[in-house]
Number of protein chains: 2
Amino acid sequence: MRQARHASTTAQESRALLTKRRLKVTKARLVVLDVLRSARRPMSVHELLKAARGRAGGTVTVYRMVNSFVARGILRAVNLRHDHLDYELIGPTDHHHIVCVKCGLIEDFTGCGAGRMAAAVLKKSRSFKLVREHAIELFGTCRSCAGAEPSSKK
Amino acid sequence: MRQARHASTTAQESRALLTKRRLKVTKARLVVLDVLRSARRPMSVHELLKAARGRAGGTVTVYRMVNSFVARGILRAVNLRHDHLDYELIGPTDHHHIVCVKCGLIEDFTGCGAGRMAAAVLKKSRSFKLVREHAIELFGTCRSCAGAEPSSKK
DNA sequence: AATGTAAATGTAACTCATTTGCATTTGCTC
DNA sequence: GAGCAAATGCAAATGAGTTACATTTACATT
Ligand SMILES: [Mn+2]
Ligand SMILES: [Mn+2]
Ligand SMILES: [Zn+2]
Ligand SMILES: [Zn+2]
């Protein structure tokens, strides 16, 4: 809120993010956080490794990293029907994802109405007392992939 | 629609389910379908094997089974944040699941409002054209587990 | 700035879910 | 009942993710 968004502001944010949770600041961790920040989309461990070009440490290190980050609320794990989990930074704006099943394009969206949904479910359910989290993903086709379609007539 | 729901009605339904998709009717397949029908909840491959007590064939067979069933629209794979997929029969009533993160209790719910949600997302999105599917799961605590809680004050 | 300690890392080995190759059996069509 | 593709069983392979353990590093304390 004080300085302009120049230079290594994000590095400072990452430092803060880590120290706040009492995690040590290491080169590898800063790189992974930076990769995620600039990618602006959920990434798998292997995508992180590739994007970091060796600067993120080894495979095991990145696995340990994402696990501890998820445990401490820095990252969220999302299931986009790939055969693995993808990870993204938890930001101030909660959101979900819509995925193109043809090309893999991912877009965020907000306004899922989960509050209403949870309330309705709890009202009807005899067994459940509380909803803590929700997972919502949409799967469809993007404009370019829909164009290249055989023919979804009707 | 003609006979009452006695005896082996479900076996007939399973036979129909299979032959309609040009899948051969085997003992193992009938057993798996029956297990799922009576369990009324999503089950993992290993739960299926256990519940079937040897009558479902070997592990590999059940894996192949659920894969072909999912491919042909007999089963749906659901992700309940276990470390594997669970499978459930696709019925006439589309629904989602709410899971107790303490004890694993699973309950179905309907009325997720995904139609509205999809419409809203498509209206806002520049990239997406069509929504085909959606995954929604709620995670919370059931009454008995909420009771045994340390103290969720406030 | 040197030191101590717990946390983080690297390497290799391991676990566990799921898949694949191949030989054998079985359901179904004619 | 014969013939053939589909289904099965078994063993081996694959691949994601974890664990053990020795080594290094961050960082608090002096
Ligand atoms: Mn996102
Ligand atoms: Mn269900
Ligand atoms: Zn696309
Ligand atoms: Zn419970």
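Note that these values count all heavy atoms, side chains included, but never hydrogens, waters or copies made by symmetry.
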Length of the [atom1]-[atom2] vector between [X] and [N], whole Å:
X: B:Y63; N: D:dT14; atom1: OH; atom2: C1'; value: 13 Å
X: B:L30; N: D:dT8; atom1: CG; atom2: P; value: 10 Å
X: B:L49; N: D:dC10; atom1: CG; atom2: P; value: 13 Å
X: A:M65; N: D:dA26; atom1: CE; atom2: C1'; value: 14 Å
X: B:L18; N: D:dT8; atom1: CG; atom2: C1'; value: 15 Å
X: B:Y87; N: C:dA17; atom1: OH; atom2: C1'; value: 10 Å
X: A:N67; N: C:dT9; atom1: CG; atom2: C1'; value: 15 Å
X: A:H84; N: C:dA17; atom1: NE2; atom2: C1'; value: 16 Å

So, for A:H134 and A:C112, which heavy atoms are closest and what is the spacing to 0.1 Å?
-> NE2-SG, 3.6 Å

Between [X] and [Y], is any side-chain donor less than 3.5 angstrom from a side-chain acceptor?
X: A:D34; Y: A:T10; value: yes
X: A:R21; Y: A:S68; value: no
X: B:E88; Y: B:H95; value: yes

Taking a pair to mean Watson-Crick or G-U wobble geometry with both distances below 3.5 Å, D:dT30 pairs with C:dA1

To the side chain of [X], which of [options] is closest?
X: A:T61; options: C:dT18, D:dT18, C:dG10; value: C:dG10
X: B:T26; options: D:dT18, D:dT8, C:dT18; value: D:dT8
X: B:K24; options: D:dC10, D:dA5, C:dA17; value: D:dA5

Give B:V25 one of three labels, base, sugar-phosphate or nothing, depending on what nucleic acid heavy atoms sit under 4.0 Å from its own.
->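 Contact class for B:V25: sugar-phosphate only.
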
Basic-acidic side-chain contact under 4.0 Å: A:D108, B:K124 | no

Start at the 5' end of DNA chain D and walk down; is the nucleotide closest to B:R29 or to A:V45 reached first?
-> B:R29

If each of A:A28 and B:D83 is mapped to the nucleotide of DNA chain C with the nearest heavy atom, which maps nearer the 5' terminus, i.e. the 5' end?
-> A:A28

Distance-only donor-acceptor test (3.5 Å): side chain A:R64, base C:dG10 |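 Between C:dG10 and A:R64, which were checked side chain against base, a qualifying N/O pair under 3.5 Å is present.
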
